[in-house]
K.L.:
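One structure follows; several queries about it will come next.
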2 protein chains.
Amino acid sequence: MADVTVTAIATRPASPNAEPEHHSAEPTWDIIELLFFAYRDFVSDADEVLAKFGFGRAHHRVLHFVNRHPGMKVADLLDVLKITKQSLGRVLKQLVDQGYVQQKEGANDRRQRLLTVTPKGEQLAMKLAGLQTERIARALAELGPHAHEGARRFLIAMIDSSGRDGVQKLIARADRARRPRS
Amino acid sequence: MADVTVTAIATRPASPNAEPEHHSAEPTWDIIELLFFAYRDFVSDADEVLAKFGFGRAHHRVLHFVNRHPGMKVADLLDVLKITKQSLGRVLKQLVDQGYVQQKEGANDRRQRLLTVTPKGEQLAMKLAGLQTERIARALAELGPHAHEGARRFLIAMIDSSGRDGVQKLIARADRARRPRS
DNA sequence: ACAGTTACGTCAGCCATATTGACATATTTC
DNA sequence: GAAATATGTCAATATGGCTGACGTAACTGT
């Protein structure tokens, strides 16, 4: 139990003066590196399970968003994942062929393929989400009672300002959509 | 685009205390998704610059850690990145060949190749770190004065408990190395 | 009605980054 | 001197991105 506590790394004020700030400020090393390590461990939980199914992270992302946002259009998914339709096509086809995701024609627009998870797909999606939730819950439990709200606000602030509203709407909409259960 | 007019979705919930203890059946959807979006945007800053140099994220990670932890052994780098030496070898060779990273024999153990950045390498590493710092500083500035400490604690708590001490030591050691005073 | 646009799919190929396994070389250690 | 260690390398393979081109069905507007 080395007592190498993260000793006050003299955090600098964001803007001491209204100067053009020509890269004189010291980088925020700790957050940069912690983000790397935290995210690496965060995704690794699911990776192990996915490997047993012959899936990768790409499948996870698709399955996650389809499960969480049922009835999503393909275009929406492309927009959220920010990948090309060719890249999506490959993994989506596997998920559909193997019975994890279903496609059905849009009621208004029959060109659309609205995506939903099958029971089998939901089971896997929830298992993966459960693993990630375990880690998150464990982390938040170690911190104070306002940790969840604090983490949420930090993460939102890290998102491109241009995309923030969209993300928050997406999350809020999904929260309402999935409410009938529980 | 979904034209759902969801105006002002609880950006700052009036009373998050409405949930005393989480019924852990429901996944922590918001943090799961926000981590995805936040990390995606976080790494995208550097990607654009790297592309101009013909480098990718793998090069960035190597350059970052060598810059931040000068004199690192190859084995240390493998341990930090958790990739195979073959994977590292490819990108490291490019960085060395193009004059961003230097290797020198270890003083005690001449089998070791201690890695350091060249001035050219440092310049690029600092540019990339600067971009990431901009985003982080902007985010932290939006939140309260304790945001930095809060974010740090959250991220540390998200790391595998088995690796936490190592990561914190790594960061603390680097801070001392790059800042001889203290 | 027909032209144009949209939503989606697909073929073909390329690139970056990761993997496993085997083997080579120098150096240190016992 | 044998064994272990630190590093490098060759070869094959997988994943998940990308661009470009093309196709088809369905919606939209004049």
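Chain naming here is simple, since letters A, B, ... match the order of the sequence lines and numbering starts at 1 in each.
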K.L.:
Using atom CD of Glu105(B) as one end and atom P of dT25(C) as the other, report the distance to the nearest whole Å.
P.N.:
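Taking CD of Glu105(B) and P of dT25(C), I get 17 Å after rounding.
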
K.L.:
Tell me whether the OP1 or OP2 atom of dA16(C) has a side-chain N or O from His59(B) closer than 4.0 Å.
P.N.:
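Result: no.
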
K.L.:
Round to the nearest Å and state the distance from Asn108(A) atom CG to dA7(C) atom C1'.
P.N.:
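Result: 14 Å.
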
K.L.:
Look at the side-chain N and O atoms of Thr84(B) and state whether any lies under 4.0 Å from the OP1 or OP2 oxygen of dT19(C).
P.N.:
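It does, given that an N or O in the side chain of Thr84(B) lies less than 4.0 Å from OP1 or OP2 of dT19(C).
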
K.L.:
Check the phosphate of dT29(C) against Arg110(B), side-chain N and O only, distance under 4.0 Å to OP1 or OP2. Yes or no?
P.N.:
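Checking Arg110(B) against dT29(C): no side-chain N or O falls below 4.0 Å of OP1 or OP2.
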
K.L.:
Aromatic ring centroids of Phe65(B) and Phe36(A) under 6.0 Å?
P.N.:
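Between Phe36(A) and Phe65(B), which both carry aromatic rings, the centre distance is below 6.0 Å.
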
K.L.:
How many whole angstroms separate atom CG of Leu88(B) from atom P of dA18(C)?
P.N.:
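Rounded to the whole Å, the gap is 9 Å.
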
K.L.:
Closer than 3.5 angstrom, by distance alone: can the side chain of Thr118(A) be matched with the main-chain N or O of Gly99(A) as a donor-acceptor pair?
P.N.:
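Looks like yes, one N/O pair under 3.5 Å.
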
K.L.:
Using atom CD of Gln112(B) as one end and atom P of dT28(C) as the other, report the distance to the nearest whole Å.
P.N.:
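Nearest whole value for this atom pair: 9 Å.
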
K.L.:
If you look at every strand shown and take non-hydrogen atoms under 4.0 Å, does Lys85(B) touch a base, only sugar-phosphate, or nothing?
P.N.:
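Base contact.
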
K.L.:
Starting from C1' on dA16(C), measure out to CG on Leu81(B) and report it in whole angstrom.
P.N.:
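Whole-Å distance recorded here is 16 Å.
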
K.L.:
Hey, what's the ring geometry for Tyr100(A) with Phe55(A), parallel, tilted or perpendicular (30° and 60° as the breaks)?
P.N.:
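Answer is perpendicular, since the angle exceeds 60°.
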
K.L.:
By nearest nucleotide on DNA chain D, pick out whichever of Ser87(A) and Asp109(A) is the more 5' one.
P.N.:
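Whichever sits nearer the 5' end wins; that is Ser87(A).
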
K.L.:
Is any side-chain nitrogen or oxygen of Arg111(B) closer than 4.0 Å to OP1 or OP2 of dT5(D)?
P.N.:
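For dT5(D), neither OP1 nor OP2 has a side-chain N or O of Arg111(B) closer than 4.0 Å.
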
K.L.:
So, does the side chain of Gln103(A) form a donor-acceptor pair with the base of dG9(C) at under 3.5 Å?
P.N.:
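No.
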
K.L.:
Suppose the criterion is ring-ring contact (aromatic ring centres under 6.0 Å, His included): which pairs have a residue in residues 111-137 of chain B, not counting sequence neighbours?
P.N.:
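For residues 111-137 of chain B: none.
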
K.L.:
Nearest whole Å is fine: how far is dG8(D) C1' from Leu77(B) CG?
P.N.:
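Those two atoms, CG and C1', are 15 Å apart.
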
K.L.:
I'd like to know if Gln86(A) reaches the base of dG13(C) with its side chain, counting only an N/O donor and acceptor under 3.5 Å.
P.N.:
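Per atom types, no contact qualifies.
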
K.L.:
Nearest whole Å is fine: how far is dG16(D) P from Lys93(A) NZ?
P.N.:
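About 16 Å, once rounded to whole Å.
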
K.L.:
Which sits closer to the 5' end of DNA chain D, Arg90(A) or Arg113(B), going by the nucleotide each is nearest to?
P.N.:
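Nearer the 5' end of the strand: Arg113(B).
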
K.L.:
Evaluate the ring planes of His60(A) and His64(A), with Trp represented by its six-membered ring, and classify them as parallel (under 30°), tilted (30 to 60°) or perpendicular (over 60°).
P.N.:
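Perpendicular.
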
K.L.:
So, Arg68(A) and Asp175(A), do they make that salt bridge, N to O below 4.0 Å?
P.N.:
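Here Arg68(A) pairs with Asp175(A) in a salt bridge, since their nearest N and O are under 4.0 Å apart.
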
K.L.:
Report yes if the side chains of Val49(A) and Lys127(A) come closer than 4.5 Å at any heavy-atom pair, otherwise no.
P.N.:
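Yes, at least one pair of side-chain atoms sits under 4.5 Å.
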
K.L.:
To the nearest Å, how far apart are Leu78(A) CG and dT10(C) P?
P.N.:
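Those two atoms, CG and P, are 13 Å apart.
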
K.L.:
In residues 41-58 of chain A, which ones come under 4.0 Å of DNA chain D, going by heavy atoms?
P.N.:
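Within residues 41-58 of chain A, the residues near DNA chain D are Gly56(A), Arg57(A), Ala58(A).
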
